[in-house]
J.: 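One structure follows; several queries about it will come next.
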Amino acid sequence: MTWGFETRQIHAGEVVDAQAGARITPVYQTAGYVFDDFEDAVGRFAEKGERLVYSRHANPTNVVAERRIADLEGGAGALLTGSGQAAIFTTIYSLASAGDHILATSSLYEGTKQLFRGNLARQGLVFDFLDAEAPDAEWLARITPRTKAIFTESIPNPKNDIPDVDRLGGIARRAGVPLVVDNTVATPYLFRPIEHGADIVIHSTSKWLGGHGAVIGGVVVDSGRFDWRAQADRYPQLTRSPRPGVPSFAEKFGTGAFLPFAVTLANDYGPTLPATSAFLLLLGIDTLSLRVERHVANAQRIAEWLDAHPAVRSVDYAGLPGNAYHERARRLLPLGAGSVLAFEVRGGREGARTVIDALELVTRMTHIGDVRTLAIHTGSTIHSKLSEEERVSLGIAPGLIRLSVGLETPDDVIADLDQALARI
Ligand SMILES: Cc1ncc(COP(=O)(O)O)c(C=O)c1O
């Protein structure tokens, strides 16, 4: 495929509707698909995945969105899920069983950490968090025969502490485990983790991919490159035959074994994305590059303005030259460091309360990647269950406010922040 990103976000994976010739992918709002006759039903059940059976397993609207996102990420295939959390859960459950271990970077979306430390730990999975900047030797020392993946995010929020994905990819290869990257905040327009050594990419499509704050969703993208058979004992679910006479996923699909296995797992657990949501997701992806370009330009402008404001102690945005991650962002994210930033106001928690309560245009809300600019005091909400010590170690100061910069006229957002900051 030689088309550019903008062409592919509109056309990749499209299938022109055979019946009416609809130009835009229709919503196939159906639970199931008609079997022509007895033998057709037998055939469809025998070759699950190629012909449609039931919408928990596959749906034509979803299939187009899956092919489109896989193409934009440079992956071999993708699986839509009902939310970003479901994408993470499906990925981890496909790779690891009770007693297995996942090694993750310590700066992650708090909901992911809650899932890891809470319900997945309850099922016997073991999670370990390590500073992304720890030396290679420390990372490798944490890998055991039961380690099944390294998990990270390409742009963690709210701190913008961008990990060196190329280096983590190298560590994962040496350890013989896949690198899983949550690429939600970067989007494939700004960063494609597979080009930097990732094996599996996940997104909350609720954010910039959908882009309008209208719909929850998630996706798992497989690079199709990991050699599961070279790690046969580590991934028996992929490399061993499930029943006598039945080939293993790796025998059947080679390095592409992960995705069909994840599809069967999703079919069992049922975190299906509704076709109407896949339709809205496709509408969002049509304009992804345009939106992200503007999100980034607005974020850069607002970050620079905040950085110069006397009521602001500091700004966490890797697009700012003084930021500790600026050089890495320039290398990994030449088109911009995303559009989520955090700023610490003077006056601690009370200062933050004053600013949050005074906002008139900016929305008080927990979400990112919306067309609207959203603000939240994460210390008293998203990070409220952590101890003060944990918050300090993550850089969540009492006066820290997260901003997901939207697509309004930036001067209007700045004017709103200005009147709010003036009250401190
Ligand atoms: C980086 C990241 N990953 C995953 C998720 C979870 O996605 P969802 O809310 O779609 O379940 C979020 C949600 O905020 C997120 O910010």
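As the structure is a computational prediction, the values presented were derived from the model and not from experiment. Each ligand, and each atom within it, is numbered from 1 in the order the structure gives. Computed from heavy atoms alone, side chains included, the values below leave out hydrogens, waters and symmetry copies.
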J.: Among all protein heavy atoms, pick out the one at the shortest distance from atom 16 (O) of ligand 1; state its residue, atom name and that distance to 0.1 Å.
T.: I368 CD1, 3.6 Å

J.: Do S339 and W208 pair up side chain to side chain, a donor and an acceptor below 3.5 Å, judged on atom types alone?
T.: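 Note: S339 and W208 side chains meet the donor-acceptor criterion.
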
J.: Output the list of atoms in ligand 1 that are nearer than 4.0 Å to some heavy atom of S206, sorted by atom number.
T.: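 With S206 as reference, the close atoms of ligand 1 come out as 8 (P), 10 (O).
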
J.: Would you say E66's side chain and L80's backbone share a donor-acceptor pair under 3.5 angstrom?
T.: yes

J.: In the protein, which heavy atom is nearest to atom 6 (C) of ligand 1, and how far is it?
T.: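 Scanning the protein heavy atoms, the shortest distance from atom 6 (C) of ligand 1 goes to Q85 OE1, 3.5 Å.
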
J.: Among protein heavy atoms, which sits nearest to atom 8 (P) of ligand 1, and what does the distance come to when rounded to 0.1 Å?
T.: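 The closest one turns out to be G84 N, 3.4 Å.
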
J.: Does a donor on one side chain and an acceptor on the other come within less than 3.5 Å for D227 and T255?
T.: no

J.: In terms of side-chain heavy atoms, does Y189 have a donor or acceptor partner in Q9 at a distance below 3.5 Å?
T.: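 Judged by distance alone, the side chains do not pair up.
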
J.: Indicate yes or no: does an N/O atom of K207 lie under 3.5 Å from an N/O atom of ligand 1?
T.: yes

J.: Verify the ring-centre separation between F343 and H309: is it less than 6.0 angstrom?
T.: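 Centroid distance H309-F343: not below 6.0 Å, so no.
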
J.: Assess the side chains of D166 and H196: does a donor N or O sit below 3.5 Å from an acceptor N or O?
T.: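 Note: D166 and H196 side chains meet the donor-acceptor criterion.
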
J.: Taking distance alone, with no angle check, do D182 and ligand 1 share an N/O pair under 3.5 Å?
T.: yes

J.: Work out whether the distance between some heavy atom of G217 and some atom of ligand 1 is less than 4.0 Å.
T.: yes

J.: Could you tell me whether I216 and ligand 1 have an N or O pair separated by under 3.5 Å?
T.: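 There is no such contact.
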
